[in-house]
Amino acid sequence: MSCSKTSLETFELGQFTVSRIWVGLWQLSSIAWGSAPATKIREGMARHVELGYNAFADHYGSAEILFGQFRETLPEPTSVVGATKWCVFRPTEPSRTVVEAAVRERMTRMRTTSVDLLQFHWQDYSDKGYLSTLQILQDLQHEGLISAVGLCNFDAIRTDEICTQLGPGFIVSNQVQFSLIDTRPLHGMADVCERHNVKLLTYGTLCGGFLSDKWLHKPEPDLYAGDLTPSQRKYLDVILKAWGSWALFQSLLAVLRDIGDRHRRSIANIATRWVLDHPFVGAVIIGARLGVSEHPDDNLQVFGFTLSEQDNRDIEAVLGLSNGRQMISTIGDCGAEYR
């Protein structure tokens, strides 16, 4: 079963209408994910756009520069949305000069006169400077330097605080981890999103590719094996130490394969569909190793079906045997793993 360009699901994010699968560019941060020439990377971007993907996300490495170069070549550059980040990891005095300089740097690298979506991360919650920083970003939005503002790895308490203080409609999104393995957004964040009309842009949905047919019936990999990507090492650690065991993970993959057989879809399709079926999720950001390993055609198969009640019961029967529901306590709320 194929999925045409017109059947790709979309949602409203600020002034944009965007697809519910975004192309994640974090793999451009390091050759540890594999490398390809810039021309091959731009060709990979073009393949995605031709299939209907119209949103790209992340700022790591040369991602902003390569995306900006690519978008300039399009007949209608504004038809494709670029989401980037400004991450504040160190103590920072949020003056107008500092904040505007960060925004203008994004604009320069992306070759644009306005940032489509600026996703803001603030490391230290004990420093309330994030509120004054966001107020300045709100001013810059009113002046046209930013089209939409989102958060990145903020927890439910701080997301609620920010949305309440800065008013409705300003924060449009929060980028957080959400998958069949990491279900923390179900505990608090979902309610905050509904209350303030915020959509989640989720990453880690395929756990670095572990939630795929490739790993069904495979032995537990060595965490330090040289053939694992940085993402796979991260998510394997979560699966084994926080969620459950490799044996239980294999049980989950087997259930997802059975469900995939019912719908004629891949395990990755089913895992992604499960996330997208939550109404507080706007889009799933799927990392693409452009020019190295990408699956734009298979990812389109996420659309055109929904999971049945029986499908969800079968999935929940496995999730109930895991420690997934306890991760909100053992790890902390969304983004706590980075703090």
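These values consider heavy atoms only, across backbone and side chains, with no hydrogens, waters or symmetry-generated copies.
Here the closest heavy-atom approach between residue V198 and residue N174 is recorded as CG1-N, 3.9 Å. The two residues L307 and R273 make their nearest non-hydrogen contact at CG-CG, 4.0 Å. Residues L240 and S245 share a closest heavy-atom pair of CD2-C, 4.2 Å. Closest of all the heavy-atom pairs between P296 and L51 is CB-CD1, 3.5 Å. The two residues H196 and D160 have their closest heavy-atom pair at NE2-OD1, 2.6 Å. Contact detail for Q119 and C152: the closest heavy-atom pair is CB-CB, 4.3 Å.
Side-chain contact between V238 and M327 is present, with at least one heavy-atom pair separated by less than 4.5 Å. With a 4.5 Å cut-off on side-chain heavy atoms, L117 and L201 count as touching. For the pair T164 and R195, the minimum side-chain heavy-atom distance is 4.5 Å or more. Within the 4.5 Å cutoff, the side chain of F210 has no heavy atoms near those of the L253 side chain. Looking at V80 and V49, their side chains come closer than 4.5 Å, going by heavy atoms from C-beta outward. Two residues are said to be in side-chain contact when any heavy atoms from C-beta on lie closer than 4.5 Å; D182 and Y235 fail this criterion. Taking 4.5 Å as the limit, some side-chain heavy atom of V149 sits within range of a side-chain heavy atom of I171. Using a 4.5 Å heavy-atom cutoff, the side chains of V99 and D139 are not in contact.
D333 contributes a side-chain N or O that, together with a main-chain N or O of A156, makes up a donor-acceptor pair within less than 3.5 Å. No donor-acceptor pair closer than 3.5 Å links the side chain of R111 to the backbone N or O of Q69. Formation of a donor-acceptor pair under 3.5 Å by the R20 side chain with backbone atoms of V281 is found in this model. In this structure, K199 contributes its side chain and P279 its backbone to a donor-acceptor pair below 3.5 Å. Between the side chain of D58 and the backbone N or O of G24 there is no donor-acceptor pair closer than 3.5 Å. Listed for the N323 side chain is no donor-acceptor partner under 3.5 Å among the backbone atoms of Q326. In this structure a side-chain-to-backbone donor-acceptor pair under 3.5 Å is present from S95 to V98. Between the side chain of W215 and the backbone N or O of H217 there is no donor-acceptor pair closer than 3.5 Å.
We find that E337 and R184 are joined by a salt bridge, their nearest charged nitrogen and carboxylate oxygen being less than 4.0 Å apart. Ion pairing of D258 with R262 is absent here, as no side-chain N (NZ or NE/NH1/NH2) approaches a carboxylate O to less than 4.0 Å.
Between the SG atom of C193 and the NE2 atom of H278 there is a distance of 12.0 Å, given to the nearest 0.5 Å. In this structure, OG on S322 lies 8.5 Å from CG on L252, to the nearest 0.5 angstrom. Distance CG/L276 to OG1/T202: 7.0 Å, rounded to 0.5 Å. Atom CD of Q141 and atom CD1 of I136 lie 14.0 Å apart (nearest 0.5 Å). A distance of 4.0 Å separates CZ in F303 from CG in L8, rounded to the nearest 0.5 Å. Separating the OG atom in S114 from the CE atom in M107 is a distance of 6.5 Å, to the nearest 0.5 Å.
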CA sep, side-chain torsions, deciding dist, call: Y125, E161, side-chain hydrogen bond (donor to acceptor under 3.5 Å, both in side chains): CA-CA 12 Å; Y125 288 149; E161 174 193 33; over 6 Å; no

Check the pair S266, N269 against side-chain hydrogen bond (donor to acceptor under 3.5 Å, both in side chains), reporting the backbone distance first and the verdict last. CA-CA 5 Å; S266 69; N269 294 157; 3.1 Å; yes

Show, in sequence, the C-alpha distance, side-chain angles and deciding distance for Q123 and H121, and conclude whether the side-chain hydrogen bond (donor to acceptor under 3.5 Å, both in side chains) test is met. CA-CA 6 Å; Q123 187 71 10; H121 173 87; 2.8 Å; yes

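Counting non-hydrogen atoms of neighbouring residues, nucleotides and ligands closer than 6.0 angstrom, the CD atom of Q310 exceeds 12 such neighbours. In this structure, R90 places its CZ atom where only 12 or fewer heavy-atom neighbours from other residues, nucleotides or ligands lie under 6.0 Å away. Within 6.0 Å of OH on Y224 lie no more than 12 heavy atoms contributed by other residues, nucleotides or ligands. No more than 12 heavy atoms of other residues, nucleotides or ligands shown are found within 6.0 angstrom of CD on E194.
By the rule that hydrophobic residues join a cluster once side-chain heavy atoms approach within less than 4.5 Å of another member, W122 and V115 end up as members of one cluster. If you chain together hydrophobic residues whose side chains sit under 4.5 Å apart, V318 and I315 fall into the same group.
With sequence neighbours excluded, the residues satisfying side-chain hydrogen bond (donor to acceptor under 3.5 Å, both in side chains) with E143 are R96.
Aromatic ring pairs are classed by plane angle as parallel below 30°, tilted from 30° to 60° and perpendicular above 60°; the pair F249 and W246 is tilted. Between F305 and H263, the two ring planes are tilted [angle within 30° to 60°]. Note on ring orientation: taking the six-membered ring where Trp is involved, the planes of W86 and F120 are tilted (angle from 30° to 60°).
Applying the ring-ring contact (aromatic ring centres under 6.0 Å, His included) definition to pairs two or more places apart or across chains, none involves residues 308-339.
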